[in-house]
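Here is the structure we will look at, set down as structure tokens.
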Amino acid sequence: MQLHLYNTATRNKDAFESLTPGLVKVYCCGPTVYHFAHIGNLRTYVFEDLLRRTLEALGYNVNHVVNITDVGHLTSDADTGEDKMEKGARREGKSAWDIAEYYTQAFQKDWKALRLLEPTAWPRATAHIAEQIALIQELEKKDYTYTVPNDGIYFDTAKFPRYPDFAKLDIEGLQAGARVAVTEGKRNPTDFALWKFSPSDAQRQMEWDSPWGRGFPGWHVECSAMAMKLLGETLDIHCGGADHIRVHHTNEIAQSECATGKPFARFWLHGGWLLEAPDGDGKGGKMSKSAGEFVTLDVLVKQGYSPMDYRYFCLTAHYRNYLNFSHAGLDSARDSLRNLRKRTDPLIGKATPIRSDRGLEWRTKFLESVCDDLNFPQALGILNLALKDPDVLEGEKAGLIVEWDRLLGLGLTEAETSEAVELPDDLKSLLTERAEARKNKDWKRSDAIRDQFRDRGFVLKDNPDGSVSVN
RNA sequence: GGCGACAUACCCAAGUGGUAAGGGAGAGCUCUGCAAAAGCUUCAUUCAGCGGUUCGAAUCCGCUUGUCGCCUCCA
């Protein structure tokens, strides 16, 4: 089936074909590990995982690279301000290297919890300084760079006439609206640093020798250098959050294409933002790490949600649209998933080949939705209808779920590991007492005991077979 | 100030020219000592408002209103 993906470069849903038959090279912009990833960040990785799974379902091998940015991002685009890594280090009284390691592990823990497929490679910026230097030297050789004394090596965006095209930038409007102090010596407002000199009056924790002196790489060059090293000069797909379009990806394209003379990526996919819904006293708006307050996956887990609840929540909205995060919304997702599992759990292990016309029809419909720019919300609707369809045999339903869960990644084919509820001794004896009361049809006593359980946070359910479940 | 995106039921949300998917919540019924669970049924003549194009519009165009984003960093 033909996959169509919305390509930011063309602003159109384009038919996807890989450059090399059977192999797709995907580069996804990863986290800057100076703090925890929030659930808005995570939404983008969920979308990228859906892309990966879709490509694999279509028979492609996917070479999937996700970088770890462990150096180099300053706090503003004006090439000024404090390095985020060093700031994080100071905040926590650790070294910048420790900070990077700590948050990388935290990030990868979230990654696994969300059932995101392991990428082919997790390159770290600090492990690819030589490649970055080489790329800058190539640009220097081709005369795209210039030096700003006591500052760094800059890319001259005026020498790349297509610079504004990708993000449809209005350069003049940019200039007019500029509220940011312009770096002294920059030729154009859009020029960006490729290499930053270490400050002469302060010792940086992360710095390297280079042909231009001691310093550290700019924060766009790492992606180009690592992507090209690991995947070649032209990628099939480059992904990231929508906030990368304007600056980061625009700059990646400029420096990569000027260095190689080839298109850097054929498809650019961008995930929409998670917004904080204005429920309660929340003000609403984009969730942002630098704004301070943010919700992490761990926070949700502490609130009683499972990572799969959040994954399902992401699945309910199209990846390119805004998604409003609210607890009401997450509750709804959690309940939906719970209800879904009630229907799919009894199907585990019962899959049979799908042969009936009806079964094949559902299979096709689901795949069509997914192939239409990853329309998972629609696919979920189809899944619900298929499960309810009385004309599809149980074994085929089970087979469809096995197949579809490889795309959804919700773990529907694995039994949930629910921990056995440990009952306090006094409640255990009450349970015995209630069984006795029920046998004697003492409903008043029986219900009173059930209420007692409820007050202690346990829900008693009398099953049709006479047994009692405690939750 | 400039630029842009979005607006679908109580909530979330798909649908982008052919007559409103799906989920959650709610309601009713069946079942049950009662609950719970499960099953069945039900839930937008209508897509922010107003005009226009069209045989036909939630879908295209214009205006208005509202929300959000970008023009610092950000997934």
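Just so we're on the same page: letters track the sequence lines, and every chain starts at 1. Since this is a predicted model, take the numbers as computed values, not measurements.
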Margin query: Under 4.0 Å between a side-chain nitrogen and a carboxylate oxygen: does that hold for A:Arg115 and A:Asp405?
Written below: no
Margin query: Under a 4.0 Å threshold between the charged nitrogen and the carboxylate oxygen, would A:Lys13 count as salt-bridged to A:Asp372?
Written below: yes
Check: Does A:Arg434 reach the main-chain N or O of A:Ser446 with its side chain, forming a donor-acceptor pair under 3.5 Å?
Finding: yes
Next item on the list: Choose from B:C74, B:A13, B:G23 the nucleotide whose nearest atom is closest to any side-chain atom of A:Ala317.
Entry: B:A13
Next item on the list: Side chain of A:Gln378 only, please: which of B:G24, B:A14, B:A75 is the nearest?
Entry: B:A14
Margin query: By nearest atom, which of the nucleotides B:A25, B:G23, B:A75 is closest to the A:Ser332 side chain?
Written below: B:G23
Note to self: When you measure from the side-chain N and O atoms of A:Asn384 to the phosphate of B:G22, is any distance below 4.0 Å, counting only OP1 and OP2?
What the structure shows: no
Next item on the list: Measure from the side-chain heavy atoms of A:Val247 and tell me the nearest of B:C12, B:C73, B:C34.
Entry: B:C73
Item checked: Between P of B:G23 and CG of A:Leu323, the distance in whole Å -> 19 Å
Check: Can you tell me how far the CG atom of A:Leu383 sits from the CG atom of A:Leu340, to the nearest 0.5 Å?
Finding: 5.5 Å
Note to self: I'd like to know if A:Arg450 reaches the base of B:C34 with its side chain, counting only an N/O donor and acceptor under 3.5 Å.
What the structure shows: yes
Note to self: Can you say whether a donor on the side chain of A:Asn321 sits under 3.5 Å from an acceptor on the base of B:C6, or the other way round?
What the structure shows: no
Next item on the list: Pick the C1' atom in B:G39 and in B:U32, then give their distance to the nearest Å.
Entry: 13 Å
Checklist line | Full working for side chain to side chain contact (heavy atoms under 4.5 Å, CB included) between A:Tyr45 and A:Leu114 | finding: CA-CA 9 Å; A:Tyr45 303 112; A:Leu114 286 168; over 6 Å; no
Notebook entry, point to check: Does A:Asn375 have a side-chain nitrogen or oxygen under 4.0 Å from the phosphate oxygens OP1 or OP2 of B:G15?
Noted result: yes
Next item on the list: Please report the closest heavy-atom contact between A:Arg311 and A:Leu50, naming both atoms and the distance.
Entry: NH2-CD2, 3.7 Å
Notebook entry, point to check: Would you say the side chain of A:Asp447 and the base of B:G33 hold a donor-acceptor pair, judged only by whether the two atoms sit under 3.5 Å apart?
Noted result: yes
Next item on the list: State which of B:G33, B:C12, B:A75 makes the closest approach to the side chain of A:Trp443.
Entry: B:G33
Item checked: Distance test, side-chain N/O of A:Lys388 to OP1/OP2 of B:G23, below 4.0 Å -> yes
Notebook entry, point to check: Given B:A37, is OP1 or OP2 found less than 4.0 Å from the side-chain N or O atoms of A:Asn339?
Noted result: no
Notebook entry, point to check: Expressed in whole Å, how much space separates the C1' atoms belonging to B:G49 and B:A58?
Noted result: 14 Å
Next item on the list: Please state the C1' separation for the pair B:A13 and B:U8 - nearest whole angstrom.
Entry: 9 Å
Notebook entry, point to check: Does B:A38 have OP1 or OP2 sitting under 4.0 Å from an N or O in the side chain of A:Lys342?
Noted result: yes
Check: If you check the A:Arg246 side chain, which of B:C71, B:G33, B:G23 turns out closest?
Finding: B:C71
Next item on the list: Between B:A75 and B:G52, how far apart are the C1' atoms? Round to whole Å, please.
Entry: 41 Å
Next item on the list: Go through B:A75, B:A14, B:G69 for me and flag the one nearest to the A:His38 side chain.
Entry: B:A75
Next item on the list: Grab the NZ-C1' distance between A:Lys444 and B:C34 for me, whole Å please.
Entry: 14 Å
Next item on the list: Using the C1' atoms only, state how far B:G23 lies from B:A57, rounded to an integer number of Å.
Entry: 27 Å
